[in-house]
Number of protein chains: 2
Amino acid sequence: MLTDRQLLILQVIVDDFIRSAQPVGSRSLSKKEEISFSPATIRNEMADLEELGFIEKTHTSSGRIPSEKGYRYYVDHLLLPEQLGHSDVHKVKSVFAERIYELEKIVQRSAKILSELTNYTSIVLGPAVKDNKLKKIQIVPLNKETAIAIIVTDTGHVENKIFQFPASLDSGEMEKLANILNDRLAGVPLVDLTNKIYKEVAVLLRLHISNYDLMLHAIADTLKMPGHEKLFFGGKTNMLSQPDFSDINKLRGLMNMIEHEDSLYKLIREKKSGISIKIGRENENSAMEDCSLITATYSIGTEQLGTVAILGPTRMEYSRVISLLQLISTDLSRVLTDLYQNK
Amino acid sequence: MLTDRQLLILQVIVDDFIRSAQPVGSRSLSKKEEISFSPATIRNEMADLEELGFIEKTHTSSGRIPSEKGYRYYVDHLLLPEQLGHSDVHKVKSVFAERIYELEKIVQRSAKILSELTNYTSIVLGPAVKDNKLKKIQIVPLNKETAIAIIVTDTGHVENKIFQFPASLDSGEMEKLANILNDRLAGVPLVDLTNKIYKEVAVLLRLHISNYDLMLHAIADTLKMPGHEKLFFGGKTNMLSQPDFSDINKLRGLMNMIEHEDSLYKLIREKKSGISIKIGRENENSAMEDCSLITATYSIGTEQLGTVAILGPTRMEYSRVISLLQLISTDLSRVLTDLYQNK
DNA sequence: AATTAGCACTCGTAATATAAGAGTGCTAAC
DNA sequence: GTTAGCACTCTTATATTACGAGTGCTAATT
């Protein structure tokens with residue numbers, strides 16, 4: 001178990017390193033207000049902390065920097081929640097002050113403001129639409145063999161897809177088709193659509209529509225869900241300004257990972273509600289060895305919807321980022337709940 | 001005027017530098033197949049070429065690199081069109097082989113393949129939708145004060161916007177409204193919608209709809225055009241691997257510009273049809289001092305639609321990039337024309 | 001027993017010198 | 001007009017040195 005003094009020293013080392021990005025030496029530590037003992041004492045304590053794995057040296061006679069374990073301990077036990085400044089709070093609130101009704105736009109804006117306030121990269125996993133319920137299907141013929149199918153969900157999300165149909169189908173039939181679909185599918189969660197189409201709609205189509213099987217597949221294919229929710233980014237290039245990434249190769253790895261969204265998506269989806277912090281290799285992604293990822297979830301009512309995340313160097317301002325994420329995720333949830341809950 | 005020998009030397013210098021990114025010396029030049037005179041002769045010619053501003057030294061005794069003027073001359077007079085390899089052509093064709101009907105998806109794919117084939121950054125300015133003609137407006141009520149307006153154009157482009165309306169409006173009126181709009185606005189280019197609404201639709205609304213002025217503005221606002229067409233990117237981070245951008249500050253400037261799309265948009269929009277090449281400072285953008293931008297336009301039928309562009313270092317493979325852009329822009333035009341021309 | 005002063009030692013960084021090599025410009029010979 | 005030859009320049013790499021920040025250990029102090 002760590003002594004109080006060791007905790008204090010660990011805390012100050014982490015704080016200082018987060019601020020300066022420079023290894024922290026015993027002499028500079030001893031000059032801090034909160035520290036009242038000599039460099040020699042500090043050196044002894046630091047030697048112990050190093051032995052325990054909380055801090056490391058960059059070379060034999062350098063100052064110390066926090067290890068991953070050190071950050072982990074700091075985050076778990078030493079973090080004091082940062083009181084956000086007025087101007088920060090104000091900026092966040094301003095995102096939600098304006099009356100915007102597009103869910104996507106709100107989310108996009110949140111990502112932007114987060115990256116601006118932190119100088120890190122922000123990632124927002126868009127609202128899960130698979131549980132949205134179908135409000136309406138519209139079919140608009142473009143020409144005699146092509147039509148566009150538009151589906152609207154109860155949260156106002158719109159998707160569309162162009163499909164081909166047999167020229168033999170006349171406009172009357174097309175209308176009938178739309179009616180059947182709306183009749184049978186309204187209120188069904190998007191994720192269940194395919195199933196329902198084959199089970200219930202197929203029979204009806206057979207009765208009323210010529211070329212029934214061709215259409216059936218066209219429809220089912222058209223209403224298939226997109227692979228996964230969209231990711232929104234803010235400050236994609238902010239990492240270029242972090243001294244931790246002055247090495248262009250590290251940078252390349254990181255930026256590549258950010259651009260090829262799949263692995264990020266894996267890291268971010270399906271978080272339990274609340275704040276989650278992954279430090280360095282805890283992310284199990286070699287490009288993120290020197291990064292930490294902090295995520296928070298947002299929801300409409302009690303239904304968890306998506307995730308807000310900040311990607312920064314392991315040397316990130318944990319306290320501030322956590323406060324900001326907390327603020328924005330609750331605000332986001334509140335606004336979205338207000339907008340879409342009671343319909 | 002340049003002598004044939006000077007032209008030859010200039011050409012070989014540019015070619016070699018494009019390949020190697022290293023200043024080219026007289027000795028290595030003299031070893032090339034196409035060159036049959038001694039290093040000393042070459043040095044004399046190079047001194048002349050330098051005096052004329054076509055090449056420069058990086059320091060007193062270095063080999064030469066092309067100047068902007070050199071690149072310009074190379075591009076204008078010395079470029080031999082590259083015969084694309086089978087595999088390149090095949091890859092491009094494969095983008096269009098699959099039957100895709102979403103315009104955006106085709107464009108997106110084109111951007112991706114371009115960046116993969118060049119290792120530069122590709123930018124595609126999406127199809128201009130402002131001249132698309134309105135096919136259909138749909139209004140789907142979400143709850144008693146919110147509805148979503150969906151417009152479909154003749155090319156299958158879909159836009160939607162959520163708007164609020166007075167709770168006093170009943171569903172019958174809403175339907176009437178949709179009918180009026182479709183009746184009056186079908187076939188109207190999107191860009192003229194606002195105008196038409198105030199001039200022609202307003203009168204009708206007054207007759208049939210309660211709360212007519214509130215609705216009028218809601219509608220007009222909803223149908224307002226988005227600021228500008230979307231930009232699609234491929235290989236945003238490819239510049240990280242270009243040796244020309246080993247300097248992290250240059251890189252930062254460039255990446256920032258790419259991320260804040262406005263200035264790029266300015267550089268790309270409203271190109272005359274055909275290929276355009278801007279070298280270095282010709283782009284009039286400080287972040288692009290060491291970049292060249294090559295653009296090509298694509299169209300549906302005779303109507304110019306958008307732009308395909310490659311952003312690379314000034315030391316870019318002009319010949320190859322031009323061939324690729326030509327290939328992809330004509331293919332793109334052909335496919336889009338096939339899809340949307342004869343409706 | 002805990003703390004601290006003192007000191008030798010390590011290592012990184014920056015400055016300086018040196019050598020090698022690539023390339024040039026010029027002159028004189030071909 | 002072309003080219004061989006050569007002195008010169010400048011970059012790059014490597015080694016040398018000096019310096020300073022920081023350490024670990026020991027012995028003295030509290």
Side-chain angles (χ1 to χ4, degrees), chain A residues 1-10 12-17 19-67 70 243-244 246-247, chain B residues 1-10 12-17 19-67 70 243-244 246-247:
Chain A
M1 203 40 227
L2 296 179
T3 66
D4 281 358
R5 194 164 67 189
Q6 285 173 327
L7 292 182
L8 175 60
I9 290 178
L10 178 55
V12 178
I13 290 177
V14 179
D15 281 337
D16 194 77
F17 184 67
R19 198 183 39 73
S20 70
Q22 296 299 324
V24 188
S26 58
R27 217 182 97 86
S28 71
L29 267 190
S30 74
K31 284 185 187 149
K32 303 247 163 195
E33 263 192 8
E34 54 269 61
I35 284 181
S36 54
F37 21 91
S38 76
T41 312
I42 295 171
R43 281 201 290 280
N44 285 325
E45 298 286 26
M46 291 206 295
D48 289 349
L49 282 171
E50 183 170 5
E51 208 159 304
L52 292 167
F54 292 104
I55 54 181
E56 358 176 283
K57 295 190 256 195
T58 59
H59 62 266
T60 341
S61 71
S62 76
R64 304 305 210 289
I65 62 171
S67 65
D244 315 69
S246 57
D247 175 22
Chain B
M1 203 40 227
L2 296 179
T3 66
D4 280 358
R5 194 163 67 187
Q6 285 172 328
L7 292 182
L8 176 60
I9 290 177
L10 177 56
V12 178
I13 290 177
V14 179
D15 281 337
D16 195 76
F17 184 67
R19 199 182 38 75
S20 70
Q22 296 299 324
V24 188
S26 58
R27 217 182 99 85
S28 70
L29 267 189
S30 75
K31 283 185 187 148
K32 302 247 167 198
E33 263 193 8
E34 54 270 60
I35 283 180
S36 55
F37 21 91
S38 76
T41 312
I42 296 172
R43 282 202 289 280
N44 285 327
E45 298 287 26
M46 292 207 294
D48 289 349
L49 282 171
E50 182 169 7
E51 209 158 305
L52 292 167
F54 291 105
I55 54 181
E56 353 176 288
K57 295 191 255 196
T58 59
H59 62 267
T60 341
S61 71
S62 76
R64 305 304 210 290
I65 62 171
S67 65
D244 315 69
S246 57
D247 175 22

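Within every chain, numbering begins at 1; the chains are lettered A, B, ... in the order of the sequence lines, protein sequences first and strands thereafter. Computed over heavy atoms, backbone and side chain alike; hydrogens, waters and symmetry mates excluded.
To the nearest angstrom, P of D:dG22 lies 14 Å from CZ of A:Phe17. Taking atom CG of B:Leu29 as the reference point, atom C1' of D:dT3 lies 16 Å away to the nearest angstrom. At whole-Å resolution of the value, CD in A:Glu45 and C1' in C:dA1 are 14 Å apart. Between the NZ atom of B:Lys31 and the C1' atom of C:dA22 there is a distance of 11 Å, rounded to whole Å. With rounding to whole Å, A:Ile42 atom CD1 is found 15 Å from C:dA2 atom C1'. For B:His59 and D:dC8, the NE2 to P distance is 18 Å, given to the nearest whole Å. Note: CD (A:Gln6) to P (C:dT3) measures 11 Å, nearest angstrom.
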Which atom pairs, donor and acceptor, lie under 3.5 Å between side-chain atoms of residues 24-31 of chain B and protein residues at least two apart or in another chain?
residue, atom, partner, partner atom, Å
B:Ser26, OG, B:Arg43, NH1, 3.1
B:Ser28, OG, B:Gly25, O, 3.2
B:Ser30, OG, B:Arg27, O, 2.7

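Pairs of residues two or more places apart, or lying in two chains, that qualify as ring-ring contact (aromatic ring centres under 6.0 Å, His included) and include a residue from residues 21-54 of chain B are B:Phe54-B:Tyr73.
Checked against salt bridge (Lys or Arg N to Asp or Glu O under 4.0 Å), B:Glu56 has no partners two or more places apart in sequence or in another chain. Shown here are the salt bridge (Lys or Arg N to Asp or Glu O under 4.0 Å) partners of B:Lys32, two or more places apart in sequence or in another chain: B:Asp16. Under the side-chain hydrogen bond (donor to acceptor under 3.5 Å, both in side chains) criterion, A:Asp244 pairs with A:Arg315, not counting sequence neighbours.
Looking at every heavy atom in both residues, A:Met46 comes nearest to A:Ile13 through SD-CD1, 3.8 Å.
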- Sugar-phosphate means primed atoms, P, OP1 and OP2; the rest is base. With that split, encode nucleotides 23-30 of chain C 5' to 3' as B, S or - using protein heavy atoms under 4.0 Å. BBBB----

